[in-house]
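Here is the structure we will look at.
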Amino acid sequence: MTVDYPPKPLPYRFDNPVLHTRSTQPETMTASTATSLASFHAYLRSSKRILALVGAGLSASSGLPTFRGTGGLWRNHDAMELATPEAFSNDPSLVWQFYSARRAAALRAMPNKAHYALAELAKCMPEFLTLTQNVDGLSTRANHPTNQLLHLHGSLFSLKCTSFYCDFQEDNNYTHPLTPALAIASEVSAPYTHIQQADLPHCPKCNTGLLRPGVVWFGESLPWHVVQAADDFISSGKVDLILVIGTSGTVYPAAGYVDRIRMQGGKVAVFNIDIDESDSEDELSETESTGSYANRTKWTFEGDAADWVPIALEPLVGHIELPPDNSGERSSLR
Ligand code: BJW
Ligand code: ZN
């Protein structure tokens with residue numbers, strides 16, 4: 001069975017109170033936020049090279065849970081504890097059900113306005129690159145140019161053989177469920193049932209190896225060519241600005257890109273539903289009335305990234321609307 005396109009909206013999308021309780025809606029912007037936005041816009045217009053580091057918060061308003069904090073549990077298991085090679089080797093049935101459920105949820109989710117705003121920025125600015133930690137495929141479905149999008153942590157829709165002797169890897173596999181037995185993992189509320197190893201996905205090349213999701217787990221190296229491409233971009237000229245969108249910035253090496261850009265003299269803009277004190281304290285006060293950004297090294301935009309990112313990028317990308325049939329690019333899923 002394959003998932004239908006356009007995907008059907010999830011019943012809980014957009015009305016999950018957890019996703020929006022702390023959102024500062026841009027329409028209720030304070031005067032100081034408006035001034036801060038003006039100075040950000042001025043700096044954005046002057047920026048020649050921009051990097052975005054994005055995390056799970058980018059896809060939160062598309063209905064996909066984040067890893068840490070509320071929503072970071074899957075059937076009472078900490079998502080972080082399932083995202084390890086040890087968890088997979090101890091209980092491949094449990095870990096495959098976790099990933100099968102996430103594949104199904106990602107296929108049903110729709111890109112939001114922030115995915116589209118970043119895709120538009122890439123189209124109008126060749127020296128813009130998005131480093132995504134997300135594995136959900138939503139940036140690709142928002143038609144983000146693929147040569148300006150690096151997947152640091154792989155993809156839910158890539159598969160790899162676990163056999164030491166086999167090099168099988170498949171990208172862009174959107175089949176759901178991958179085996180009949182994994183159909184039970186489509187609904188989060190379904191009771192957990194153990195699946196025999198023989199009924200989990202197996203390698204079509206060697207016919208013996210168990211397949212695993214093509215994502216990067218803790219303790220594993222990030223794909224070499226992806227790290228290399230990010231390094232090439234950073235070392236080929238000063239990056240004026242890094243947009244840090246919906247990430248807790250706790251996982252390395254991804255989180256390290258922010259300091260690397262700062263050390264080059266680049267400025268930082270943080271988009272997060274939860275801006276902590278350490279994020280906002282080093283925002284220098286500026287000549288607010290003139291919107292000058294000269295002394296400022298950081299901007300913080302507290303609220304839903306899906307609201308804020310399109311507003312922040314508007315001077316370069318124009319007004320972002322969701323496409324009428326917001327199922328993402330079907331062609332990118334084939
Ligand atoms: C919103 C919002 C809304 C909510 N709008 N915002 C240096 C120092 C210390 C440790 C290390 C180090 N270097 C390497 C390590 C070890 C380790 C690591 O970083 N550990 C830390 C936990 C300390 N790193 C690794 O192991 C990495 N490999 C590596 O470095 O290899 C070399 C090496 C090997 C061995 C030893 C040493 C070095 C690999 C890391 C792989 C991470 N993989 C995962 C799972 C991917 C597969 C899957 O999806 O299942 O990637 S873990 C998970 O965390 C996932 C995410 O991509 C990643 C980051 O999470 P993210 O996206 O930031 O999500 P959250 O939930 O943390 O945050 C969401 C944010 O959004 C929050 O801030 C919310 O407030 C916000 N938000 N709603 C805006 N609507
Ligand atoms: Zn194999």
Side-chain angles (χ1 to χ4, degrees), residues 14 16 18-24 53-74 77-85 87-88 95 98-99 101-103 105-106 112-114 131-137 151-170 201-224 226-227 243-256 258-259 270-276 279 300-309:
F14 300 118
N16 179 348
V18 170
L19 299 177
H20 289 289
T21 43
R22 299 215 43 211
S23 175
T24 305
L53 175 68
V54 312
L58 175 69
S59 298
S61 82
S62 294
L64 300 180
T66 59
F67 289 88
R68 295 165 184 83
T70 324
L73 286 182
W74 179 77
H77 295 275
D78 183 342
M80 305 310 303
E81 284 171 13
L82 296 172
T84 69
F88 185 72
V95 175
F98 171 58
Y99 281 96
R102 287 181 55 206
R103 283 167 62 98
N112 64 52
K113 285 186 185 178
L131 305 180
T132 184
Q133 299 171 82
N134 297 345
V135 294
D136 55 34
H151 288 91
L152 296 173
H153 294 164
S155 166
L156 286 173
F157 303 104
S158 295
L159 302 169
K160 295 196 294 192
C161 182
T162 55
S163 166
F164 181 77
Y165 301 102
C166 181
D167 62 358
F168 177 79
Q169 163 140 11
E170 182 186 11
H202 277 76
C203 177
K205 185 172 176 184
C206 67
N207 290 319
T208 53
L210 185 61
L211 290 178
R212 56 160 282 183
V215 297
V216 181
W217 285 326
F218 280 117
E220 296 183 326
S221 299
L222 276 59
W224 180 86
V226 169
V227 174
L243 311 169
V244 184
I245 304 170
T247 178
S248 58
T250 50
V251 173
Y252 287 81
V258 183
D259 282 339
V270 178
F271 299 82
N272 202 298
I273 206 151
D274 193 6
I275 300 285
D276 62 30
D279 265 325
T300 57
F301 298 102
E302 186 169 23
D304 189 345
D307 291 332
W308 271 113
V309 172

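Predicted, not measured: the structure shown is a model, and the values here were computed from it. Whatever order the structure lists them in is the order used to number ligands and atoms, beginning at 1.
When side chains are defined from C-beta on, S155 does not count as touching V215, because their heavy atoms never get closer than 4.5 Å. Taking the side chain as every heavy atom from C-beta outward, N112 and D304 never approach each other to under 4.5 Å. You'll find the side chain of L222 reaches within 4.5 Å of the side chain of P253, heavy atoms only. In this structure, the side chains of L152 and V216 stay at 4.5 Å or more apart for every pair of heavy atoms.
Less than 4.0 angstrom separates some heavy atom of T247 from each of these atoms of ligand 1: 61 (P), 63 (O), 70 (C), 71 (O), 73 (O). Those atoms of ligand 1 with a heavy atom of P253 less than 4.0 angstrom away are 30 (O). Per-residue contacts place A60 under 4.0 angstrom from the following atoms of ligand 1 (heavy atoms of the residue considered): 2 (C), 78 (N), 80 (N). Contact atoms of ligand 1 toward D304: 3 (C), 5 (N), 80 (N) (distance under 4.0 Å to a heavy atom of the residue). Near E220, meaning under 4.0 Å from one of its heavy atoms, ligand 1 places the atoms 27 (C), 28 (N), 29 (C), 31 (O), 39 (C). For ligand 1, the atoms closer than 4.0 angstrom to any heavy atom of S221 are 31 (O).
Residue A56 places at least one N or O, backbone or side chain, under 3.5 Å from an N or O of ligand 1. The distance criterion of under 3.5 Å between nitrogen or oxygen atoms is met by G246 with respect to ligand 1. Considering backbone and side-chain atoms together, R102 places an N or O closer than 3.5 Å to an N or O of ligand 1. An N or O contact shorter than 3.5 Å is missing between S61 and ligand 1 by distance. Note: no N/O pair closer than 3.5 Å links V135 and ligand 1 by distance alone. Polar contact with ligand 1: present for H153 (N/O pair, distance under 3.5 Å). The shortest N/O to N/O separation between V251 and ligand 1 does not fall below 3.5 Å.
For T162, the side-chain contact (heavy atoms from CB on, under 4.5 Å) criterion is met by F88, L210, R212, not counting sequence neighbours.
Distances under 2.8 Å from the Zn ion (ligand 2) pick out the protein N/O/S atoms C161 SG, C166 SG, C203 SG, C206 SG.
Scanning both residues, H153 and V135, for their nearest heavy atoms gives O-CG1, 3.2 Å. Listed here is the closest heavy atom pair of T66 and A60: CG2-CB, 4.4 Å. Heavy-atom minimum distance, P85 versus F218: CD-O, 3.3 Å. Contact between W74 and L82 at its shortest, heavy atoms only, is CE3-CD1, 3.8 Å. In terms of heavy-atom proximity, A87 sits nearest to T84 at N-OG1, 2.9 Å. Annotation for A106 and L156: closest pair CB-CD1, 4.0 Å, computed over non-hydrogen atoms.
With a heavy-atom cut-off of 4.0 Å, S248 touches ligand 1 through backbone and side chain alike. Only the side chain of M80 comes within 4.0 Å of ligand 1, judged by heavy-atom distances.
By the 4.0 Å heavy-atom criterion, G303 is counted among the residues contacting ligand 1.
Distances from atom 17 (C) of ligand 1 to the heavy atoms of W74, F301, F271, F218 put F218 nearest. Nearest-heavy-atom check against atom 74 (C) of ligand 1 across D274, T66, N272 picks out N272. The closest heavy-atom contact to atom 12 (C) of ligand 1, among the options Y99, Y252, F98, comes from Y252. Compare G219, A255, G55, A114 by their heavy atoms: the one nearest to atom 34 (C) of ligand 1 is in G219. The closest non-hydrogen atom to atom 21 (C) of ligand 1, taken over I273, T250, V215, comes from T250.
Using cut-offs of 30° and 60° on the angle between ring planes, the pair F271 and F301 is parallel.
In this structure, the separation between CD on Q133 and CZ on F67 is 9.0 Å, given to the nearest 0.5 Å.
For the 3.5 Å distance criterion, the side chains of S158 and E170 fail to qualify, holding no donor opposite an acceptor.
The pair D167-K205 meets the salt-bridge criterion, since a charged nitrogen lies less than 4.0 angstrom from a carboxylate oxygen.
Although no hydrogens or angles enter the test, the distance criterion places no donor-acceptor pair under 3.5 Å between the side chain of S62 and the main chain of L64.
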